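Keep in mind that what you see is a predicted model, and the values were worked out from it rather than measured. Sequential numbering from 1 along the given sequence is applied to the chain's residues. Both counts, for ligands and for their atoms, begin at 1 and track the order of listing.
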Amino acid sequence: MNHSTIPIKVTIVGTGYVGLVTGACLAELGHQVTCLDVDRKKIARLKRGLMPIYEPGLAVLVKKNLKAKRLFFTTDYPKAIRGSLIIMIAVGTPARRDGLADLSYVFQAAKSIARALVDYAVIVDKSTVPVGTAQKVKRIIGQYYQGRFDVVSCPEFLREGSAIKDFMHPDRIVIGGETKKAINLLLDVFKPIRALRLVTDLASAELIKYASNAFLATKISFINEISNICDHVSADVKEVAYGMGLDNRISPSFLKAGIGYGGSCFPKDVSALHQMAGRNGYEFKLLKSVIQVNNLQRQVALRKAKNLLGSLKNKKIGVMGLAFKKNTDDIRESAAIDLIKLLQKAGSVVSAFDPMASLNAKKRLQGVEIARSPYSLAKGQDLLIIATEWPEFRELDWKRIKGLMRSPQLVDGRNLLDQNTMRKLGYKYLGIGR
Ligand code: UGA
C-alpha cells in the first residue's frame, strides 16, 4: 500500500510497541521514517531486521521498508532530527508506585529533541500521557530551543496482536493541537488512511485516550461482575453477553468474561486515570471498583479449582496460556502469571504452556515447569486451567488430553471451549459465569 502523495520526513523516538509499529506503517504509507532509540543493541538488531517484540506482520513490514530505503534506524539524535518535519515521542510511560505514569522518558526525549532541533518541527506525543503533558513538553522544548515549533497530541489506539491492521484501518484518528499549521501537517501524514479525523484541543486529545481504555476496561469488569451473578443464579454469561451485545448501543465487543484484563495498557491507564482524577480533586469512584473487580477475578479461577479439587495443596495443575491475551508473547500484568502465583501460594505444583510467551514467562516465574506442548503439559495433571484465550486451544485433541491427565478436570478461565462437548467427553468442566 503506498497511496501517499507527499512523502514527509518523520522521526520517531522510542522503538517499543507503539514506536516501531507507527514507524513501519508510516514508511509503508510512503513517508521517510527514522526510528530513534538510545538502546544501541536494539537499534543494531533492528537494522538487520530483527524484531524486539512479536507482532504479526511487523518483521515483514520492517524488512520491506528497510530495503525500500523508507525506514531507517539510528541512535543519533541530531542526525535523525535534522530535516524532520514531524517528530513523534513514543517512549515508555511505565506506572509509578503511586499509580501515576512515569514521564521521565518523555521529558528526557523532549529535552534531547530540543537540543537537536534546527528548524520548525511538530513534536507529537504518541505515548499515553496524562492530561497536561503536551503543555509540559512544550515548556521543556522552549527552554532548550528558541526557534518555532508546535506540539500536538495524537494518541494511538493499537491493540497488540492486530497493531498493523489497527494502524492502517483505525476507527478514528485523534489530533489535538493549537495551530492550523501543525494540525494540517499531521492530517497530511495520515492522508492515505481512510478513517474519521477528530481535530481537537491538546487536553481533550490526551483525555480521549485514557477515557477510551478506561471505558473498555469498565466493560470487562462489568461483564465479569455479571459472570459472578450468573454463577449464583445458574445463568450463562455467554448468553447474557450475546443478548446485551445485540443492542447497538452496547455492542458485543469487550464483553468476554474471564479471569480479568491484563497487559501493558489497561491496568496502567485505568489506575493512572483514577490517580489523575484524584490529584485534580475528583474521586473517580467507578474506576476504583473496576480495578478491584479485575484483581478479584483472578481469585474466581482459584475458587473454581478448589471446587473441583477440594484442597489445592500438592495438586498438579497445568496452566494453559501465559500471555496477557492471544497472539502475543507479552506477559506484562498477565492474569495467567497472577493466577500461577496464587496457585503456588496455595501449595499446588504448577506447570504451564504457552504457544508464544514461554520464553518471557520463564524469566518471571520460579518453580514452574514450562511444557513444550499442551499434550506434554497434560500428562499426569489433576486439573488444567485455561488462562489465555489462544484460539488454538479450541483445536486440540481433547480426547487425547483426557487420556493423558490423572483426572480429566478443567477450569476454563476464558470460556473458550464448548461446555457441552467437554462434559460429553467426560471432563468435569467449570467455566466463568456459566
Ligand atoms: C488496549 C486497547 O484495546 C487499545 O485500543 C489501546 O491502544 C491499547 O490498549 C493501548 O493503550 O496501547 P491491548 O492492551 O493490546 O490494547 O489489549 P486488548 O485487546 O484491549 O486486551 C486487553 C486485555 O483485556 C487482555 O488481557 C484481554 O484478555 C482482556 N479482555 C479483552 C477481556 O478479558 N475481555 C474482553 O472482552 C476483551
Side-chain angles (χ1 to χ4, degrees), residues 14 16-22 53-56 90-95 101 125-129 154-167 169-174 206 208-227 237-238 240-242 244-245 250-273 290-291 293-295 297-298 300-301 321-339 354 357 386-391 393 412-416 432-433:
Y17 224 95
V18 177
L20 201 51
V21 171
T22 305
I53 46 160
Y54 170 76
E55 177 63 32
V91 296
T93 53
D125 275 343
K126 264 273 156 210
S127 305
T128 302
V129 287
C154 180
E156 57 77 25
F157 302 96
L158 311 175
R159 280 165 301 177
E160 289 189 20
S162 58
I164 290 165
K165 187 175 142 267
D166 289 345
F167 188 96
H169 308 280
D171 289 338
R172 77 299 207 188
I173 294 172
V174 175
E206 289 172 329
I208 284 169
K209 168 69 192 196
Y210 277 102
S212 301
N213 272 3
F215 185 76
L216 291 171
T218 304
K219 269 188 110 174
I220 298 171
S221 276
F222 183 87
I223 200 66
N224 281 336
E225 287 254 78
I226 294 290
S227 80
V237 73
K238 273 195 140 177
V240 178
Y242 179 65
M244 287 169 65
I250 298 174
S251 112
S253 311
F254 283 72
L255 281 183
K256 288 197 194 80
I259 58 172
Y261 61 77
S264 63
C265 306
F266 284 0
K268 174 169 75 81
D269 294 351
V270 175
S271 102
L273 182 53
V290 168
I291 297 166
V293 170
N294 195 52
N295 292 338
Q297 211 55 24
R298 275 67 162 154
V300 171
L322 292 160
F324 84 93
K325 67 170 190 180
K326 65 181 176 184
N327 294 338
T328 179
D329 65 351
D330 195 341
I331 55 154
R332 284 177 288 177
E333 305 285 328
S334 168
I337 305 284
D338 291 346
L339 178 63
D354 190 282
I386 297 181
T388 308
E389 62 275 28
W390 282 104
F393 291 162
D412 187 351
R414 296 288 174 186
N415 290 342
L416 198 71
I432 304 287

Legend entry - K126 side chain to V18 backbone, donor-acceptor under 3.5 Å: no
Legend entry - Check: K209 and V174 side chains under 4.5 Å, non-hydrogen atoms: no
Legend entry - Donor-acceptor contact below 3.5 Å, side chain S227 vs main chain V237: no
Inset, instruction - Drop me the distance from I432's CD1 to I223's CD1, to the nearest 0.5 angstrom. - result: 12.5 Å
Inset, instruction - Would you mind reporting whether D166 and E156 have side-chain heavy atoms less than 4.5 Å apart? - result: no
Legend entry - Neighbouring protein residues of ligand 1 - any heavy atom closer than 4.0 Å: E156, F157, L158, R159, E160, K209, N213, I220, F254, L255, K256, Y261, G262, C265, F266, D269, F324, K325, E389, R414
Legend entry - 4.5 Å side-chain heavy-atom contact, K219 and L255: yes
